[in-house]
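Below is one structure; the comments refer to it alone.
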Amino acid sequence: ATANAFMDNFAKSRNRLALSGKRSGKTVSINWPLWKEGGMQIDQSSIAYLFNNFGVDVLDTQSGLQAFENA
């Protein structure tokens, strides 16, 4: 969460610089959930807890890659 908050603020700051002509391009910050096939694995009961209490589900690789491409 801390890393995501940092990247969100970095993207906002850098995009402001781009609008003022001090940088070019557009910076995008993506707040990923846990990836199903990723390196940070949790047990099934934790996955169920996250989904039931927060509506957060694990992300499969194909959907994650498609989201990345869309962004």
Side-chain angles (χ1 to χ4, degrees):
T2 300
N4 282 338
F6 171 83
M7 292 306 297
D8 290 344
N9 286 305
F10 176 81
K12 287 176 191 173
S13 175
R14 192 173 183 293
N15 285 327
R16 279 194 296 273
L17 290 171
L19 286 173
S20 69
K22 296 178 182 175
R23 299 289 186 275
S24 63
K26 182 174 181 178
T27 302
V28 177
S29 175
I30 304 171
N31 292 285
W32 298 111
L34 291 172
W35 283 49
K36 185 176 182 180
E37 295 90 9
M40 294 175 51
Q41 298 294 312
I42 59 175
D43 60 63
Q44 288 293 45
S45 64
S46 296
I47 291 171
Y49 177 84
L50 289 172
F51 184 76
N52 292 331
N53 290 283
F54 303 105
V56 175
D57 203 0
V58 293
L59 182 66
D60 66 272
T61 299
Q62 185 60 39
S63 297
L65 293 175
Q66 186 63 54
F68 183 72
E69 187 173 315
N70 292 345

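Residue indices begin at 1 and follow the sequence shown.
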With a 3.5 Å cut-off and sequence neighbours excluded, list the donor-acceptor pairs that the side chains of residues 62-71 form with protein atoms.
residue: Ser63; atom: OG; partner: Asp60; partner atom: OD1; Å: 2.8
residue: Ser63; atom: OG; partner: Asp60; partner atom: OD2; Å: 3.2
residue: Gln66; atom: NE2; partner: Asn70; partner atom: OD1; Å: 3.0
residue: Asn70; atom: ND2; partner: Gln66; partner atom: O; Å: 3.4

Review point. Shared ILVMFWY cluster between Ile47 and Met40, side chains joined below 4.5 angstrom?
Key: yes
Review point. Can Leu50 be reached from Val58 by stepping across I, L, V, M, F, W or Y side chains whose heavy atoms are under 4.5 Å apart?
Key: yes
**Study point:** Path from Ile42 to Val56 over hydrophobic side-chain contacts below 4.5 Å
**Key:** yes
Check your understanding: Are Leu34 and Phe54 joined in one hydrophobic group, where the rule is that I, L, V, M, F, W and Y side chains link up if heavy atoms are under 4.5 Å apart?
Key -> yes
Check your understanding: Looking at Asn4, Asn9, Asp8, which hits side-chain hydrogen bond (donor to acceptor under 3.5 Å, both in side chains) with Ser29?
Key -> Asp8
Review point. Angle class for the Phe6/Phe10 ring planes (parallel below 30°, perpendicular above 60°, tilted otherwise)?
Key: parallel
Point to revise | From CZ (Arg14) to CG (Leu19), nearest 0.5 Å | key: 11.0 Å
Review point. Taking all non-hydrogen atoms of both residues, which atom of Gln41 and which atom of Lys36 are closest, and how far apart?
Key: NE2-O, 3.2 Å
Exercise for review: Would you check if the side chain of Asn15 reaches a backbone N or O of Thr27 as a donor-acceptor pair within less than 3.5 Å?
Suggested key: yes
